[in-house]
Amino acid sequence: MTAPLICPSILASDFARLGEEVAALEAAGADWIHVDVMDGHFVPNITLGPDIVKAIRPHTTLPFDVHLMVAPVDPWLEAYREAGADILTVHPESGPHLHRTLGRIRHLGAKAGVVLNPGTPVDVVAEVVDLVDLVLLMSVNPGFGGQSFIDTTLRKIERTRALLDAAGSKAHLQVDGGVTSANAAACVAAGADALVAGSFVFKGGPAAYADNIAALKRA
């Protein structure tokens with residue numbers, strides 16, 4: 001079985017040294033850099049603006065996987081793409097026209113993703129599957145790092161994998177929230193091929209990043 005893509009969330013990193021952190025993650029074997037963007041409106045927290053993304057872009061060659069927890073999201077697509085986002089993932093609830101938003105992301109030259117909160121039904125993906133390069137399933141309610149994995153997400157992973165396979169989609173299926181070495185294997189067995197992890201990857205500091213990432217890849 002192919003090892004899952006490991007996408008460390010820099011929400012859990014040392015914000016005083018973000019450039020060094022993303023470089024260290026690349027050296028440690030990460031596959032993508034997951035960037036959590038929060039606006040204090042769609043979710044109850046505020047994080048990284050496009051200028052920060054642009055500032056850290058030169059410090060790694062890894063793809064930037066930018067998760068936009070922003071509403072309305074459409075006005076921000078171009079700014080984050082220009083800042084260096086390779087993948088832009090959006091919530092169906094963050095704008096009135098999901099199909100149009102995904103099309104705009106692709107027009108900008110980025111890969112397009114849909115994010116499903118714990119309470120958002122999988123069926124949403126079926127209506128836009130031809131425009132989706134990534135489906136991100138939240139295994140916590142978004143807005144804060146360090147939350148515990150919601151176990152019912154495993155069944156949702158299975159349903160989403162079945163939907164993508166039935167459609168012949170090559171989209172990645174990513175899981176985000178409370179992912180650790182204790183549940184990573186179950187996520188992969190259910191059908192995920194990309195794992196976002198924040199607290200687990202960053203525990204122990206840079207010297208531990210490689211071991212933490214390797215533990216997730218063994219899932």
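Pairing each heavy atom of Ala192 with each of Val175, the nearest pair is CB-CG2, 3.7 Å. The nearest pair of heavy atoms linking Leu195 to Pro4 is CD1-CG, 4.0 Å. Contact record, Thr47 with Met38: OG1-N, 2.8 Å, taken as the closest heavy-atom pair. When every heavy atom of Ile6 is checked against every heavy atom of Pro8, the shortest pair comes out as O-CD, 3.3 Å. The heavy-atom pair separating Ala171 from Leu164 by the smallest distance is O-CD1, 4.1 Å. Across every non-hydrogen atom of Met69 and Pro142, the tightest pair is SD-CB, 3.6 Å.
Side chains of His34 and Leu136 form a contact here, defined as non-hydrogen atoms less than 4.5 Å apart. With a 4.5 Å cut-off on side-chain heavy atoms, His172 and Lys111 do not count as touching. Using a 4.5 Å heavy-atom cutoff, the side chains of Ile213 and Val201 are in contact. Residues Arg81 and Pro50 are not in side-chain contact: their nearest non-hydrogen atoms beyond the backbone lie 4.5 Å or more apart. Counting heavy atoms from C-beta on, the side chains of Val114 and Leu102 come closer than 4.5 Å. Between Glu127 and Pro92 the shortest side-chain heavy-atom distance does not fall below 4.5 Å.
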| said: Go through it in stages, so that I can follow the logic: the residues are Glu26 and Ile33, the test is side-chain contact (heavy atoms from CB on, under 4.5 Å), and I'd like the CA-CA distance, side-chain angles, deciding distance and then a yes or no. | reply: CA-CA 8 Å; Glu26 180 170 7; Ile33 300 296; over 6 Å; no
| message | What verdict does the side-chain contact (heavy atoms from CB on, under 4.5 Å) test give for Leu154 and Phe149, after you've listed the backbone C-alpha separation in whole Å, the side-chain angles of each residue and the deciding distance to 0.1 Å? | response | CA-CA 10 Å; Leu154 295 174; Phe149 185 88; 4.1 Å; yes
| message | salt bridge (Lys or Arg N to Asp or Glu O under 4.0 Å) for Asp86 and Arg57? Distances and angles first, verdict last. | response | CA-CA 11 Å; Asp86 299 284; Arg57 179 68 276 184; 3.0 Å; yes
| Passes side-chain contact (heavy atoms from CB on, under 4.5 Å), Asp193 versus Thr2? Steps please. | CA-CA 8 Å; Asp193 64 1; Thr2 304; over 6 Å; no
| task | Mind running side-chain contact (heavy atoms from CB on, under 4.5 Å) on Thr60 and Leu25 for me, showing each step along the way? | result | CA-CA 9 Å; Thr60 179; Leu25 291 169; over 6 Å; no
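Between the side chain of Ser13 and the backbone N or O of Leu18 there is no donor-acceptor pair closer than 3.5 Å. No donor-acceptor distance shorter than 3.5 angstrom exists from the side chain of Asp133 to the backbone of Gly113, with no hydrogens or angles considered. Side-chain atoms of Asn183 come within 3.5 Å of backbone N or O of Gly178 as a donor-acceptor pair. No donor-acceptor distance shorter than 3.5 angstrom exists from the side chain of Asp176 to the backbone of Met138, with no hydrogens or angles considered. Side-chain N or O atoms of Asn212 include one that pairs as donor or acceptor with a backbone N or O of Phe200 at under 3.5 Å. Without hydrogens or angle criteria, Asp31 side chain to Cys7 main chain gives no donor-acceptor distance under 3.5 Å. Without hydrogens or angle criteria, Asn117 side chain to Gly119 main chain gives no donor-acceptor distance under 3.5 Å. With Asn141 contributing its side chain and Pro118 its backbone, the two residues share no donor-acceptor pair below 3.5 Å.
We find that Asp74 and Arg100 are not joined by a salt bridge, their nearest charged nitrogen and carboxylate oxygen being 4.0 Å or further apart. With salt bridges taken as basic N to acidic carboxylate O contacts below 4.0 Å, none links Glu82 and Lys54. The pair Lys203-Asp211 fails the salt-bridge criterion, with no side-chain N (NZ, NE, NH1 or NH2) lying under 4.0 Å from an Asp/Glu carboxylate O.
Here the straight-line distance linking atom CD of Glu78 with atom CG of Leu88 works out to 11.0 Å at 0.5 Å rounding. Summarising the geometry, atom OG1 belonging to Thr101 is positioned 12.5 Å from atom NE2 belonging to His91; distances are rounded to the nearest 0.5 Å. In this structure, Ile87 CD1 and Leu68 CG are separated by 12.0 Å, a value rounded to the nearest 0.5 Å. Taken from OG in Ser169 to CZ in Arg161, the straight-line distance is 8.0 Å, to the nearest 0.5 Å. With rounding to the nearest 0.5 angstrom, the CZ atom of Arg106 is 14.0 Å from the CG atom of Leu77. With values rounded to the nearest 0.5 angstrom, Glu93 atom CD is found 9.5 Å from Leu98 atom CG.
Looking at Asp36 and Ser9, their side chains do bring a donor and an acceptor atom within 3.5 Å of each other. Between the side chains of Asp65 and His67, no donor-acceptor pair of N or O atoms lies under 3.5 Å.
When hydrophobic clusters are built by joining Ile, Leu, Val, Met, Phe, Trp and Tyr residues whose side-chain heavy atoms come closer than 4.5 Å, directly or via intermediates, Val37 is grouped together with Leu108. Leu11 and Leu5 are not part of a single hydrophobic cluster, where members link through side-chain heavy atoms under 4.5 Å apart. In this structure, Leu116 is a member of the same hydrophobic cluster as Val129, with clusters built from ILVMFWY side-chain heavy atoms closer than 4.5 Å. No single ILVMFWY cluster, assembled from side-chain heavy atoms under 4.5 Å apart, contains both Leu134 and Trp76. Under the 4.5 Å side-chain heavy-atom criterion for ILVMFWY residues, no single connected hydrophobic cluster contains both Leu131 and Val115.
Other residues, nucleotides and ligands contribute at most 12 non-hydrogen atoms within 6.0 Å of the CZ atom of Arg155. Atom CH2 of Trp32 is surrounded by more than 12 heavy atoms from other residues, nucleotides or ligands within 6.0 Å.
With respect to Leu48, the side-chain contact (heavy atoms from CB on, under 4.5 Å) criterion is satisfied by exactly one of Asp51, Ile52, Ile46: Ile52.
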